[in-house]
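Computed from a predicted structure; not experimentally measured.
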Amino acid sequence: MTEANLTLHGMVAIVTGAGSSGPGVGTGKAISILLARRGAKVVLVDKFQERAQETLDAIQSEGGEATIVTADLAQIPECQRIVDETVKAYGGVDILINNAAMSASVSLLDTTPELYQQMVAVNLTAPFMLSKAAIPEMIKRGRGSVIFVTSIAALRGNAGGRGAAAYAASKAGMHGLMTDIAAVYGPQGIRVNCVAPGMINTPMRAGVMAKTGLDVEKLNKQLALRTALQIEGTAWDIAKAVAFLVGPDGSYITGVLLPVDAGVTQLMG
Ligand SMILES: NC(=O)c1ccc[n+]([C@@H]2O[C@H](COP(=O)([O-])OP(=O)(O)OC[C@H]3O[C@@H](n4cnc5c(N)ncnc54)[C@H](O)[C@@H]3O)[C@@H](O)[C@H]2O)c1
């Protein structure tokens with residue numbers, strides 16, 4: 001690691017869903033590792049301590065700095081506690097990455113009120129409450145960057161698929177939240193952006209696909225061919241976009257929804 005790469009030196013970042021839900025690397029894990037490589041101190045938030053621990057081990061093995069806050073984001077008071085523990089550990093907050101999510105391929109008609117409420121609690125209410133807790137800390141520092149990891153599922157319908165109505169609705173809600181807070185807190189030096197992953201091969205997606213009973217490897221190849229670049233996305237592709245947006249190279253960018261999807265949203269019908 002060279003000094004020139006340490007673009008986030010002195011920054012404190014909170015990453016939610018910093019573990020991976022299965023073997024391999026999820027986006028929260030990749031984002032946490034990359035921000036730590038760039039010099040940030042990273043607070044790893046996950047519902048499962050052991051998942052966050054794997055990310056912590058990876059960061060520490062490279063000489064980076066991080067700590068774990070175990071929390072279930074479905075519980076509203078946990079959002080303020082995460083920020084309080086971050087301030088206690090590292091003295092402030094500069095970066096908030098709202099990455100944790102639950103997902104389910106369930107059509108509108110099959111969605112129970114309970115599933116809808118759980119999805120909105122984790123995917124939208126928690127990012128809302130975490131932003132509400134973290135932005136005052138950023139205002140104290142005179143700078144800050146918030147990222148909402150959304151999904152192209154909120155931009156495109158799922159024609160031919162089973163649908164994911166509650167998931168899409170919760171992710172679209174993040175876009176509205178981003179637009180409002182980017183405008184309101186911009187004058188205080190806070191930048192707010194959305195990164196919308198396309199079809200990324202992560203443990204979460206593997207779990208959803210496994211439930212279909214189809215050949216996952218074949219499905220992955222078919223999905224890759226549905227992108228303009230015809231390649232498979234990994235969690236590192238999302239992490240690189242996030243690190244760019246929160247770092248100095250993204251200093252004039254706010255209120256943007258960036259699809260990271262190998263051209264699916266803009267180019268594929
Ligand atoms: N994989 C894709 O193709 C894809 C596509 C679009 C968007 N995304 C988005 O990327 C993000 C990460 O997805 P991933 O595929 O890396 O997931 P992942 O399942 O590998 O990791 C998610 C992590 O979040 C944690 N988490 C889940 N619910 C939580 C809760 N209530 N409280 C605290 N932690 C919780 C899990 O324990 C897990 O460690 C999500 O926002 C997802 O919607 C992924």
Side-chain angles (χ1 to χ4, degrees), residues 6-18 27-28 31-32 34-36 38-45 66 69 71 73 76-101 122-151 154 170-197 238-260:
L6 296 176
T7 51
L8 302 178
H9 184 71
M11 304 253 183
V12 177
I14 298 172
V15 181
T16 68
T27 61
I31 292 166
S32 301
L34 192 54
L35 298 190
R38 302 227 169 141
K41 292 175 185 154
V42 186
V43 175
L44 309 167
V45 179
V69 176
L73 293 165
I76 288 177
E78 291 295 72
C79 296
Q80 185 62 54
R81 182 177 68 86
I82 290 163
V83 171
D84 291 346
E85 296 217 3
T86 302
V87 173
K88 207 161 126 198
Y90 293 135
V93 185
D94 303 286
I95 296 167
L96 168 64
I97 313 292
N98 290 293
N99 165 79
V122 176
N123 296 8
L124 183 57
T125 306
F128 186 103
M129 291 298 167
L130 266 172
S131 303
K132 187 170 150 61
I135 285 177
E137 295 301 325
M138 295 176 181
I139 290 172
K140 281 185 204 161
R141 311 263 257 209
R143 67 180 184 197
S145 183
V146 180
I147 297 286
F148 296 103
V149 178
T150 66
S151 173
S170 66
K171 294 295 190 178
M174 293 169 102
H175 297 160
L177 176 59
M178 177 271 287
T179 306
D180 182 81
I181 64 181
V184 172
Y185 300 104
Q188 279 141 303
I190 318 292
R191 296 186 298 106
V192 191
N193 294 290
C194 285
V195 169
I238 305 306
K240 283 184 279 184
V242 168
F244 161 71
L245 283 172
V246 301
D249 291 342
S251 60
Y252 205 55
I253 303 175
T254 193
V256 158
L257 191 172
L258 177 66
V260 181

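How far CG of Leu124 is from CG of Leu177: 6.5 Å, rounded to the nearest 0.5 Å. If you take CD1 on Ile181 and CD1 on Ile135, they are separated by 4.0 Å, rounding to the nearest 0.5 Å. Here Thr27 contributes atom OG1 and Asn99 contributes atom CG; the two are 3.5 Å apart, rounded to the nearest 0.5 Å. Taken to the nearest 0.5 Å, the CG atom of Asn98 stands 12.0 Å off from the CZ atom of Phe128. Atom-to-atom distance recorded for Ile147:CD1 and Thr16:OG1 is 12.0 Å, nearest 0.5 angstrom. The NZ atom of Lys240 lies 13.0 Å from the CD1 atom of Ile31; values are rounded to the nearest 0.5 Å.
In terms of heavy atoms, Met138 sits closest to Val146 at CE-CG2, 3.9 Å. In plain terms, the two heavy atoms of Pro127 and Met174 that are nearest each other are CG-CE, 3.9 Å. For the pair Ile238 and Pro197, the tightest heavy-atom approach, listed with the atom from each and the gap, is CD1-CB, 3.5 Å. When all heavy atoms of Gly28 and Val15 are compared, the pair lying nearest together is O-CG1, 3.7 Å. Nearest heavy-atom pair across Leu258 and Ala241 is CD2-CB, 4.2 Å. What you find for Ile82 and Ala71 is that their closest heavy atoms are CD1-CB, 3.9 Å.
In this structure, the side chain of Arg191 engages the main chain of Gly250 through a donor-acceptor pair within 3.5 Å. Put simply, the side chain of Asn193 gets close to the backbone of Gly255: a donor and an acceptor are under 3.5 Å apart.
A heavy-atom distance below 4.5 Å is not found between the side chains of Phe148 and Leu257. Cys79 has its side chain within reach of Leu130: a pair of non-hydrogen atoms, C-beta onward, lies under 4.5 Å apart. Looking at Arg143 and Met11, their side chains come closer than 4.5 Å, going by heavy atoms from C-beta outward. Leu73 is not listed as a side-chain neighbour of Glu78, based on a closest heavy-atom distance of 4.5 Å or more. Inter-residue side-chain proximity for Ile97 and Val246 is flagged as met; some heavy-atom pair is nearer than 4.5 Å. Considering only heavy atoms from C-beta on, Ile253 comes within 4.5 Å of Leu245 through its side chain.
Here the rule is side chain to side chain donor-acceptor pair (under 3.5 Å) with Ser170, and of Thr150, Asn123, Thr125 only Asn123 fits it.
Salt-bridge check for Arg141 with Glu137: failed, with every basic side-chain N at 4.0 Å or more from each acidic carboxylate O.
By the 6.0 Å contact criterion, OH on Tyr185 is open, its count of non-hydrogen atoms from other residues, nucleotides or ligands being 12 or less.
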